[in-house]
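The model shown is predicted, which means the values in this text are computed figures rather than measured ones. Chain identifiers are assigned alphabetically (A, B, ...) following the order of the sequence lines, protein sequences preceding nucleic acid strands; residue numbering begins at 1 within each chain.
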Amino acid sequence: MNDVLLSKRRPMLRTGVIALILVLLSVWGWTRLSFTSSMQMMLPEDSDAQKTIAFFQDTQIASKAILWFKLHPNTNEDVMYAAADKVLGALDPEVIARAIRPPQQSDAMMMLVDLIGYQCDLVPVETVESAMEPEALKKRMREIYMQMLKPSGAFMGAMFPHDPLGVSNDLLGRMYGLTKAMGFRADIQRGHFVHPEGRELFIVLETIAPVTDIEGSRKLVAHLDELIAKVGPGVTVIPIAGHLHTVQNDQVMRADIQRVAIIGMIGFAVVFLLVYRDWRVGAIFGLPLVSIGVSIGLCGMYYSHLAIMVVGMAATMAGGAMDYAIFVYTAVRMGTNPFADARRIALPLLTSALTTTGIFVAFMFSGVPAYRQLGAMTSMAFMLSALASLYILPAMVKGRPPVHQCNGPSMRRWGRLIRPLTMVLLILFVLAAILDRKVQFDPSLSNMDGVSSLVKANEHQFQQTWTKDGQDMAIVAVTADSMEQAASLNDQVYKVFHEPLSDAHFVSLASVWPSPAQRAANRSAWQAYWDAPRIELLQTRITDTGKAYGFAADAFAPFFNSLKQPQAWDNGAGPLKMVSDQFVIETGKQWIFLNFFQDNQRAVAIARDLARNRPGVQVVSNRALGQEMADASSSESRRIVLLSLAMILLIMLAMTRHVRRSLIMLTPALASILAMLALSVLTGRLLNPASIIAGIVVFGLCVDYGVFTVDAWRRNETMLGNGMSSVHLSWLTTMVGGSALLWAEHPVLFLVALTITTGLSAGYITALAIVPAVCQVVLCDDKGQTEGNMQ
Amino acid sequence: MKCSSIGLILSLVLGMNYSIMAQEKKSANPKEKKQSVQAKSEKEAHPDDSKVDESKSEPKSGQQDQAQDMKKEAIPTDPGLLLEYLQEKINTIKTVQATFVQTKQLKLFDRQLVLKGSIALHKPDRMIWHVNEPVSYTMFLDKKHLRQWDEDTRQIQTIDIGNEPAAKEMIRQFNAWLLGEFTAIAKTYETRILQQVPLTLVFIPKPESPVGQVIVNVSMTMGDDLRYIQKLTIEEKTGDVTTVDFHQTRLNETIPDTTWELVPR
């Protein structure tokens, strides 16, 4: 089979042509490639989580920033208002689009009065019929009279003349509900959202930079710091923004990378000086890098947008392909004929490469677009690395004088010597397996956030201080291409949703200001209903019933005038324009109407049920998002792990055609998983997506250890021969990089380091101390012949 | 009475009349007629209520003596200083009880509405407003709640002020006007002295203030000793005018428990 894989005929020319074609294709792929940082790519297609993230991106809702002003004890409230006004006056329009101000109380009042003027557009005429009845009118006149005697009478004096029938009462109630949609426990004082106790306020800022934009976030955070610095003594200002997470994660990552790079470089330099002492060893590191570069380009031929996060992960994982180059490098350095030496190890190398590739092929069956990209990119990179190691690396390393075969016990002797230790280690792994039953998976992304504890504490405190019962508001978003379409769809949503979600305080603009179509229908119905005889009848009845209370003859003139001459048509938000920003978003391509309700599990479930099979209607819940992402992450992880296992076993069996040998080859990988899970249980660190990704890399590397060790045993090489030297060097080199990450502060990098160092060490020890002994027991017959010798 | 303040307006319009604020309705059966809204908790909240020093409560004759002393005292002519001066005077008041006659000249009616009733205030945050004629109506305010009862509904309606910023604003406005928090008033209104004897001030809402959209002006006539309000007139932009004349004003006297009963006996 090796001869088939590495024919002696014109290998250089053929390899060169194939490599050139691949590079050209890759270059073409790179030219049409664009990168995206969209979170949507990381979530299952058409899942609720993906739709929610898409909504946040389209509407920029998550890009708002908040400045929270807290007054010091014994400081006058005026100081706080002055500080807030000063900050508002110093906003940089290049960073902040606008500050969202609450409507003034007087504006709110005027809104009520204006709204009544539109009652023929807003109130269905059916409600008028019963209010016209003499008994109902009598009751209404008494009600007006009573109200006018109360302290509220002054304002009612402005309202009653427009509504003698009381048909707008519900309308005003619903309008009041609109002002509560924000879900914050805040009063409106002096044009600010103020805490009921009066000593704290907050300002909402609409920022220009999306929360995923690192540079924009950096500018925003710097500007917020400038604004805060302008505030004098007596007030503490706390920024709350998603951008802080972006900036702080970036800062921590950068600092970590610098620190890790220095530590890693020192480590690699030591390894180089003590072990390799050959500049051409650079090819070992270069080949996987070139392979991933070519793979990205090749992926570009198929995918027009690549997730930037996937590129990073694929590059990390492709680092595992370094083993193939090390394997070939040691074979060539220890032999005399580079290509013949490479041919000798081609089968175990391809067994190893195909098995690891199988893991990533499993990713290509995922429902998550980014996982599919990761699968395609990494599979290609692994195979290209393996082939380049076999076909190109020997040409680069040849010419070097052969290194003397290192001494050490033969593998079989070692296998016999190591048996007592093997027994101890096997017992340890059994114990680890028992311990691993307690392992827990934490699919949430919050533990992977490198933001400071201060920011987290501030956010928690803000939530506790300002939200009602700690509850956010969820959204039913209605989207359409035009305002009219979206508004009409929103009317339907209001009709269907408001009753089942009344407990969750469903608030909709449609409850007060329906679509233009609905308003036009209401208006024409009013005009048809109020003919001259009916108007006269009402006037007579009001005069008769109002006499007892002394109502003036023209008390309700504004109402009768509006019947004859309705308010001018308003195609926009009418008197609600001050609050409509909160309910209507125009993205440039689409119109989105937002309806709010309390974000609790029951209400979200009801809303999701109602939204099902309604195109353009989407339920957005911040609280549910975390759970959805967690569910998506765990279900995908389960699927991929099962598929990967199946692929590994199939490929391994296909390549070795030997069940026992295949299982022994997988022992280091299995041991690495047991050790990683045991570490998770012992340290109390829950397994999360980052450790799973790192675990996959470790698994791939440990498969190599198993394959190379079994191959070395079958060839009866020494413990420092070609196969085992590859294992030693691979472990040493990866450990240098992996352990350097242990100095990282970012939780993700640290977790990756912990996983890599633990898993690799377990895999390496297994390859060293378990595999040879097991081979000795399982692969030798009674006469001491190996299965390899028998073949 | 500064009944038409914006906070009051929003609170009452939105809360009381249209029943959209959190509310608790209780039917007022005959037994409930005797119900007192002065819950134990309120007593606990104001343990010093019964301790108001009787010696400090001044009989009318005492007030007249003090008024004569006042005439001798130089009263500031600058409105700002005058408000500070009045503030100091009113700060000595802990409780107020009075009867009132409220006259409303409203465009909605072709005749004047005349209401008669009584008011009691206990600083810092308790007030009851009883109307006896032409209908029976009571409104009670404390730090946490606004309660009201009327003879038509015969129900006690309770609004939790903590959840309703508008209601809270109403309490602030009541306190500002009835308890004479002139410093707060001066932030929203421009003050002019209309006449020295009896001292009458006119408050004109600042153009940028929310009240300015509703109120033309508020005029206030002080009692002889300048420690209580004798007459309050509110002129609104709609042309409506409300006047409240206070009589039998008693200062710093212990307010009997029965005064705080929401449902009249």
So, does B:Lys107 use its side chain to make a donor-acceptor pair with the main chain of A:Ala555 at under 3.5 Å?
-> no
Notebook entry, point to check: Any side-chain heavy atom of B:Leu108 sitting closer than 4.5 Å to one from A:Ile144?
Noted result: yes
A:Met148 and B:Lys104 have their tightest heavy-atom pair at O-NZ, 2.6 Å
CG (B:Asp152) and CD (A:Glu143) are apart, to the nearest 0.5 Å, by 9.5 Å
Are side-chain heavy atoms of A:Tyr145 and B:Pro134 found at a separation under 4.5 Å?
yes
Across all chains, not counting sequence neighbours, the ring pair (Phe, Tyr, Trp, His ring centres under 6.0 Å) partners of A:Phe551 are A:Phe556, B:Phe109
- Message: Heavy-atom count check: over 12 atoms from other residues, nucleotides or ligands less than 6.0 Å from A:Lys70 NZ?
- Response: yes
Counting heavy-atom pairs under 4.5 Å with chain A, the top scorer among B:Val135, B:Leu113, B:Val131 is B:Val135
Between the CG atom in B:Asp110 and the NZ atom in A:Lys547, the distance rounded to the nearest 0.5 Å is 11.0 Å
**Message:** Just checking B:Gln112: does its CD atom have more than 12 heavy atoms from other residues, nucleotides or ligands closer to it than 6.0 angstrom?
**Reply:** yes
